[in-house]
Amino acid sequence: MHVDTQLEAALRALDHWPRFRLRLFFEGIVVGILSGTVISFFRWGLEMGTVWRQWIYANVLASGGVLLNLSWFGVLLAAALLLWRLGIYEPNAGGSGIPQVKGVILGAIRMRWLRILWVKLVGGIVGIGLGLSLGREGPSIQIGAVTAQGLSRALGRTRMEERYLITAGASAGLAAAFNAPLAGVMFALEELHRNFSGVVLAPSMAAALLATMVSRYVFGRAPVFHFGMLPPFPLRYMWLVVILGIIIGLAGVVFNKGLLNIHYFYDLPVFRNNYMRIAFALCMAGILGYVFPEVLGGGNDL
């Protein structure tokens with residue numbers, strides 16, 4: 001019966017296609033406001049976590065004794081326990097979240113939006129705040145997507161319409177994460193739907209623009225990556241750019257292969273469960289906090 005209702009609603013939307021597209025546009029505005037608000041809180045939490053982590057290493061641990069420094073690793077082990085339990089509670093909140101968003105749009109998986117929303121917020125702030133070398137773009141995309149999914153469920157929309165709203169939410173998430181609405185729209189078109197149809201573009205653009213407006217209201221209009229006034233690049237040095245591109249491309253290949261094959265390392269018998277894997281990563285981040293703190297967290301400041 002539920003499937004028949006979904007089908008009838010989808011057919012009605014197709015019969016009134018212009019009205020359906022207009023409704024998606026206005027719903028994209030609401031998605032942008034909601035996602036922008038949630039992502040702004042996420043960004044604020046990450047920034048506060050980074051500030052506190054840097055302060056602890058510079059002002060507490062640097063002048064503390066052996067017992068205090070050992071206590072810090074006890075905090076890291078407790079945080080690993082929290083992240084492990086959150087992963088068991090909601091497995092689809094793990095990783096960057098982008099594959100899960102793609103899977104929902106393709107109809108291959110389902111996301112429990114409220115669980116993922118709060119687990120992703122808590123897990124992301126705790127993990128990145130304590131120094132795991134993670135970015136905020138992937139989590140922001142999934143947070144924006146599940147926020148849009150929650151709106152769709154509250155309005156009783158069909159799954160067809162929900163997929164468009166989830167795409168708009170993902171676009172809003174990336175846009176709010178970096179104050180970059182165009183990047184959010186292009187991500188939705190190229191990475192998620194892989195087409196440039198107007199029915200995808202309209203809500204995604206509306207959501208990205210509104211999410212960016214909310215983000216700029218909270219954090220200011222300055223871009224996330226601000227380089228100031230740079231002099232024109234001399235053409236006689238352009239060959240260096242080619243070499244730099246090759247080096248960065250090779251480094252990207254090495255990084256991606258390492259990321260995709262790291263499970264072979266974590267499959268070693270010494271790691272008996274996921275808790276030990278998470279605890280190992282956090283303890284390594286703890287050690288790096290003493291010797292090479294610049295590589296911790298998202299790396300935006302660096």
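Computed from a predicted structure; not experimentally measured.
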S.K.: Kindly say whether A176 contributes a backbone atom to a donor-acceptor pair with the side chain of R43 at under 3.5 angstrom?
M.R.: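 Yes.
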S.K.: For the side chain of S171 and the backbone of G184, is there at least one donor-acceptor N/O pair under 3.5 Å apart?
M.R.: yes
S.K.: Ignoring hydrogens, what is the shortest heavy-atom contact between P203 and A168? Give both atom names and the distance.
M.R.: O-CB, 3.6 Å
S.K.: Could you tell me if the side chain of W72 sits less than 4.5 Å from the side chain of L68, heavy atoms only?
M.R.: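 With C-beta onward as the side chain, the pair stays apart.
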S.K.: Taking CH2 in W44 as the centre, count heavy atoms belonging to other residues, nucleotides or ligands within less than 6.0 Å. Is the count above 12?
M.R.: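 Not more than 12 within 6.0 Å, no.
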S.K.: When clusters are formed by joining ILVMFWY residues with side-chain heavy atoms under 4.5 Å apart, either directly or through shared neighbours, do V291 and L130 land in the same one?
M.R.: yes
S.K.: Looking at CG of L76 and CG of L132, how far apart are the two atoms once the value is rounded to the nearest 0.5 Å?
M.R.: 9.0 Å
S.K.: Under 4.5 Å between side-chain heavy atoms, counting indirect links through other Ile/Leu/Val/Met/Phe/Trp/Tyr residues: same cluster for L244 and L250 or not?
M.R.: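 No; L250 is not reachable from L244 via cluster members.
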S.K.: Minimum heavy-atom separation for A208 to A175, with atom names?
M.R.: O-CB, 3.7 Å
S.K.: Please check if atom OH in Y237 has more than 12 non-hydrogen atoms from other residues, nucleotides or ligands closer than 6.0 Å.
M.R.: no
S.K.: For the residue pair Q54 and N59, establish whether any side-chain heavy-atom pair is separated by less than 4.5 Å.
M.R.: no
S.K.: Apply the test side-chain contact (heavy atoms from CB on, under 4.5 Å) to residues L83 and L282: give CA-CA distance (whole Å), side-chain angles for both, the deciding distance (0.1 Å), then the verdict.
M.R.: CA-CA 10 Å; L83 296 176; L282 278 172; 4.2 Å; yes
S.K.: Nearest 0.5 Å, what's the CD-CZ distance between Q149 and R157?
M.R.: 14.5 Å
S.K.: As an exercise, state the distance from CG of L121 to CH2 of W118, rounded to the nearest 0.5 Å.
M.R.: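 Answer for the CG-CH2 pair, L121 versus W118, is 10.0 Å.
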S.K.: Within a reach of under 6.0 Å around CZ of F73, are more than 12 heavy atoms found that belong to other residues, nucleotides or ligands?
M.R.: yes
S.K.: Begin from the C-alpha positions of F187 and E137 and carry the test side-chain contact (heavy atoms from CB on, under 4.5 Å) through to its verdict.
M.R.: CA-CA 11 Å; F187 173 82; E137 60 277 2; over 6 Å; no
S.K.: So do D267 and F271 actually touch side chain to side chain, heavy atoms under 4.5 Å?
M.R.: no
S.K.: What's the separation between atom CG in L288 and atom CG in L296, rounded to the nearest 0.5 Å?
M.R.: 5.5 Å
S.K.: How far apart are the closest heavy atoms of L151 and E27, and which atoms are they?
M.R.: CD2-O, 4.2 Å
S.K.: Between L210 and M213, is any pair of side-chain heavy atoms under 4.5 Å apart?
M.R.: yes
S.K.: For S40 versus S215, what's the shortest heavy-atom pair and its separation?
M.R.: OG-CA, 3.6 Å
S.K.: With no hydrogens and no angle check, is any side-chain donor or acceptor of N69 less than 3.5 Å from a backbone partner on G65?
M.R.: yes
S.K.: For M111, is there any backbone N or O sitting under 3.5 Å from a side-chain donor or acceptor partner on Q100?
M.R.: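 No; zero donor-acceptor contacts below 3.5 Å.
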S.K.: State the CZ-CD1 distance between F178 and I39, to the nearest 0.5 angstrom.
M.R.: 11.0 Å
S.K.: Looking at Y266, I want to see if its OH is surrounded by more than 12 non-hydrogen atoms of other residues, nucleotides or ligands under 6.0 Å.
M.R.: yes
S.K.: How many angstroms lie between NZ in K120 and OG in S96, if you round to the nearest 0.5 Å?
M.R.: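 If we round to the nearest 0.5 Å, K120:NZ and S96:OG are 6.5 Å apart.
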S.K.: Regarding R136 and the six-membered ring of F42, is the cationic atom NZ or CZ under 6.0 Å from the ring centre and inside 45° of its axis?
M.R.: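 No, a cation-pi geometry is absent between R136 and F42.
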S.K.: Any non-hydrogen side-chain atom of S204 less than 4.5 Å from a side-chain atom of L189?
M.R.: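 With C-beta onward as the side chain, the pair stays apart.
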S.K.: Does any part of the side chain of I143, heavy atoms only, come nearer than 4.5 Å to the side chain of F41, both counted from C-beta?
M.R.: no
S.K.: Going by side-chain contact (heavy atoms from CB on, under 4.5 Å), T147 matches just one of T37, L114, L117. Which one?
M.R.: L117
S.K.: Is there a side-chain contact between F280 and V270 in this structure, where contact means two heavy atoms from C-beta onward sitting under 4.5 Å apart?
M.R.: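 They are not in side-chain contact.
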S.K.: Does N273 offer a backbone N or O that forms a donor-acceptor pair with the side chain of R277 under 3.5 Å?
M.R.: yes
S.K.: Do you reckon V51 sits in the same ILVMFWY cluster as I56, going by side-chain contacts under 4.5 Å, direct or chained?
M.R.: no
S.K.: Please name the pair of heavy atoms, one in V295 and one in S133, separated by the smallest distance, quoted to 0.1 Å.
M.R.: O-OG, 3.5 Å
S.K.: Can you name the nearest heavy-atom pair linking A145 to V101, along with the distance?
M.R.: CB-CG2, 3.8 Å
S.K.: Has the side chain of S152 got a donor or acceptor atom that lies under 3.5 Å from a matching backbone atom of A148?
M.R.: no
S.K.: Tell me whether the count of non-hydrogen atoms from other residues, nucleotides or ligands lying under 6.0 Å of CG in L235 goes above 12.
M.R.: no
S.K.: Does E161 reach the main-chain N or O of G156 with its side chain, forming a donor-acceptor pair under 3.5 Å?
M.R.: no
S.K.: Mind checking whether V119 and R112 have side chains closer than 4.5 Å, heavy atoms only?
M.R.: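 No. Closest side-chain heavy atoms not under 4.5 Å.
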S.K.: Is Y290 linked to F292 within one hydrophobic cluster, defined over Ile, Leu, Val, Met, Phe, Trp and Tyr using a side-chain heavy-atom separation of less than 4.5 Å?
M.R.: yes
S.K.: Tell me, yes or no, whether the heavy-atom count around Y217 atom OH, taken from other residues, nucleotides or ligands under 6.0 Å, exceeds 12.
M.R.: no
S.K.: Determine whether I247 and F233 fall in the same hydrophobic cluster, where Ile, Leu, Val, Met, Phe, Trp and Tyr are linked whenever their side-chain heavy atoms lie under 4.5 Å apart.
M.R.: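 Cluster IDs for I247 and F233 match.
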